[in-house]
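Reviewing the structure listed below.
Letters A, B, ... mirror the listed sequences (proteins, then strands); counts begin at 1. Values in this document were obtained by computation on a predicted structure and should not be read as measured data.
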Amino acid sequence: MTNHEVPPLLGQIAHAVSGAIDRARPELAGAAPVVRRSEHADFQSNAALALAKRARTAPRGLAAELIAHLGDSAIGAAELSGPGFLNLTVPDEAIWRQVSSRLNDARLGVGVPNAGQRTVIDYSGPNIAKEMHVGHLRTTIIGDSLARVLEFLGAEVVRQNHLGDWGTQFGMLIQYLGEHPELTWHHGEVTGRSTSAVSVLDAVYKAARRQFDADPDFADRSRARVVALQSGDAATLAMWREIVAESEKAFRDIYDRLDVLITPEDSVGESFYNHLLDGTVTELVDAGIAVESEGALVIFSEEVTGPDGEPVPLMVRKRDGGYGYDTTDLAAVRYRTGELNAERLLYVTDSRQALHFRLIFEAARRAGWLTDDVPAEHVAFGTVRGPDGRPFKTREGGTVRLMALLDDAVTRARAVVAEKDPDLDPAELTRIAEVAGVGAVKYADLSTSRVKDYLLDVDRMVSFTGNTGVYLQYAHTRIRSILRKAGNAEVSVDPRVRLEPAERALTLGLDDYGTTLAEVSDTLEPHHLCAYLYALARDFTTFYETCPVLTADEPVRRNRLALCRLTARTLEHGLGLLGITAPERM
RNA sequence: GCGCCUGUAGCUCAGUGGAUAGAGCAGGAGCCUUCUAAGCUCUUGGUCGGGGGUUCGAAUCCCUCCAGGCGCGCCA
């Protein structure tokens with residue numbers, strides 16, 4: 001196994017066309033070669049069309065010049081077509097060698113363009129003592145996939161789970177629990193998969209809220225409890241810590257089941273920043289960025305105005321002297337760049353917070369915590385809606401618990417799997433149903449562009465036909481089946497074998513993997529990876545239908561086995577970067 | 001009022017200024033003595049919200065209008 005990058009053919013071709021441009025028209029040196037995959041050949045270059053005007057010549061003539069200057073390159077054949085397209089074909093041998101090199105590389109020949117880039121990703125961020133619901137699904141799944149992709153591309157990823165673990169609501173919760181010692185809410189005391197300490201706490205919180213609104217004496221005691229918490233009263237803090245710990249156990253169950261990589265060590269909640277808030281505010285005041293207004297301390301935006309035409313403020317310190325989330329987020333930027341040495345900051349939250357982060361980033365730049373070479377990006381995503389187009393809710397109008405959604409998906413997956421293969425032993429059935437059900441939920445979420453509202457339809461997700469996570473898993477198991485039957489032997493490639501059309505499409509697709517991952521890194525859109533893997537699985541299926549593997553004569557058989565192995569590895573790896581398991585059989 | 005986002009087939013969605021706008025689902029017709037039929041083949045279906053403009057070329061870039069969603073100081 002090697003461990004170095006295998007440059008994609010597309011890049012090699014682009015380089016060759018660039019060279020031709022430089023030689024044919026030195027005054028155009030450096031112009032983009034505009035090379036793409038093509039329906040009419042392996043690749044096409046549209047450079048002549050784009051450059052004809054600058055070169056003061058007809059596109060077809062310029063295209064012909066480029067062909068003449070291609071010289072000795074990776075290109076096998078270049079053909080002039082239409083108004084000035086260059087149709088470029090790569091020799092079969094060169095394509096087979098790509099397969100061979102990738103197969104022999106531990107990283108499938110993918111490079112590390114993000115090498116060493118310290119990237120802080122803020123995602124998931126559930127609230128302590130509250131159930132995780134479908135609203136947390138997107139941030140958790142998208143953030144986790146991005147973390148995996150960036151990490152694979154060499155970035156030093158720092159996950160930050162910005163837990164909602166601080167605030168006045170804990171006063172009433174702690175007070176209520178203290179007044180009701182008969183309540184059982186600890187992890188060990190609560191049984192059943194769909195109940196947990198946090199679901200009990202969620203209910204307790206609602207009860208506390210009701211009493212808070214109805215009983216002025218309790219409200220007073222709760223306010224006193226908030227003061228006790230903030231001033232560090234030992235007993236109150238102990239209770240708070242217990243609540244946080246119990247909640248984190250429940251989150252852990254969800255994260256385990258979702259198979260996401262975030263760990264307790266990544267939990268850096270709002271409370272963590274408490275000791276940094278005073279310093280943060282002082283710095284902002286000293287720099288003249290934060291100013292007093294109506295008794296509060298605010299930062300007025302220099303870019304955005306509100307309904308009254310006045311600059312929109314960030315609330316740095318409330319009139320009552322307290323700090324809100326604006327201050328916490330400012331402190332977090334300062335900490336992440338100053339202490340964690342972040343070179344890239346990502347925030348995976350819903351799109352409604354777009355203005356908030358715009359203001360935070362603007363203020364952080366003015367304060368010098370963010371500089372031009374440290375990009376801070378709000379990785380926004382749309383609202384989760386139900387099949388009726390309205391925000392996803394239960395029939396009663398409540399939020400849908402994430403664990404209940406997963407239970408539902410897995411239960412339905414189990415029914416489908418049992419129907420497809422009635423002889424499956426129960427343990428295997430359970431395993432496959434889990435992987436298929438959870439995979440379906442994740443794939444459905446990751447496979448559309450983030451920013452649009454996301455329509456969550458469990459029926460559609462677990463129908464398991466067409467463009468779903470299961471299609472990819474199924475393609476992978478079919479390949480594994482072939483490889484098992486072939487004895488899982490080491491494979492080698494004979495580059496002299498002629499490529500069938502289906503093999504050609506598959507190999508050119510396999511060559512695009514690293515390019516696709518780089519695109520995900522640039523756009524922070526995991527759906528590009530989904531689309532890539534789906535196309536790859538389709539290309540494999542066409543190959544599977546038209547090119548027999550096990551019954552083929554040598555050396556065709558060996559080459560096809562190599563293609564199977566590389567496709568299986570690419571699918572498995574790509575699914576892995578989406579956080580989806582690729583089982584051996586299903 | 002201002003700002004951000006969205007508008008592509010009946011439905012859900014792709015679509016880096018390039019050749020005939022693509023998938024899946026749904027509808028119609030077929031394919032299992034042959035590597036897993038969770039699959040495959042064929043087929044029906046489009047004024048790319050409307051109108052201008054830039055360009056040899058626009059779903060894509062610019063302007064404008066329409067429709068929907070979200071946001072705009074003491075909740076996160």
- Task: Kindly label the base of rC62(B) as syn or anti, based on whether its glycosidic torsion lies within 90° of 0.
- Result: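 That one's anti.
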Side chain of [X] only, heavy atoms from C-beta on: which candidate in [options] is closest?
| X | options | result |
| --- | --- | --- |
| Y544(A) | rG18(B), rU36(B), rG24(B) | rU36(B) |
| P313(A) | rG73(B), rC40(B), rC13(B) | rG73(B) |
| T541(A) | rC40(B), rC74(B), rC75(B) | rC40(B) |
| E545(A) | rA76(B), rG39(B), rC35(B) | rG39(B) |
| S481(A) | rU6(B), rC2(B), rC35(B) | rC35(B) |

- F357(A) vs Y347(A) aromatic rings, parallel, tilted or perpendicular, using cut-offs 30° and 60°?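 It falls in the tilted class, 30° to 60°.
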- Item | Y474(A)-rG39(B) aromatic stacking (under 5.5 Å, under 30°) |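 Stack criterion not met.
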Expressed as a whole number of Å, how far does the [atom1] atom of [N] sit from that of [M]?
| N | M | atom1 | result |
| --- | --- | --- | --- |
| rU43(B) | rA59(B) | P | 25 Å |
| rG18(B) | rC2(B) | P | 34 Å |
| rG49(B) | rG15(B) | P | 14 Å |
| rG24(B) | rC42(B) | P | 10 Å |
| rG53(B) | rA14(B) | P | 30 Å |

- Query: Would you say rC25(B) has OP1 or OP2 under 4.0 Å from some side-chain N or O of T465(A)?
  - Reply: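 The answer is yes; a side-chain N or O of T465(A) sits under 4.0 Å from OP1 or OP2.
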- Taking N and O atoms by type only, does the side chain of Q44(A) place a donor or acceptor under 3.5 Å from a partner on the base of rA19(B)?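 Such a pair exists between side chain and base.
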- Item | Derivation of the ring-ring contact (aromatic ring centres under 6.0 Å, His included) call for H162(A) and Y325(A) | CA-CA 11 Å; H162(A) 197 81; Y325(A) 63 94; over 10 Å; no
- Give none if rC72(B) has no partner; otherwise give the nucleotide forming a Watson-Crick or G-U wobble pair with it, both distances under 3.5 Å.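 Pairing partner, where one exists within any strand: rG1(B).
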- Considering every strand shown, what is the Watson-Crick or G-U wobble mate of rC25(B) when both distances are under 3.5 Å?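 Per the H-bond distance test, rG10(B).
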- Begin with the C-alpha distance, continue with both residues' side-chain angles, and end with the deciding distance and a verdict on side-chain contact (heavy atoms from CB on, under 4.5 Å) for Y534(A) and Y471(A). CA-CA 8 Å; Y534(A) 181 63; Y471(A) 183 91; 3.7 Å; yes
- Message: Other residues, nucleotides and ligands only: do more than 12 of their heavy atoms fall within 6.0 Å of CG on D459(A)?
- Response: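 Result for CG/D459(A): enclosed.
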- Item | Residue whose closest nucleotide on RNA chain B lies nearer the 5' end, S463(A) versus H527(A) |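 With S463(A) and H527(A) compared, the 5'-side residue is H527(A).
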- Check: Y443(A)/N467(A) side-chain N/O donor and acceptor closer than 3.5 Å: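 Yes, N467(A) and Y443(A) have a side-chain donor paired with an acceptor closer than 3.5 Å.
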- Message: At 4.0 Å (heavy atoms only), tell me whether L49(A) reaches a base, stays on the sugar-phosphate, or touches nothing.
- Response: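 Base, at least one base heavy atom under 4.0 Å.
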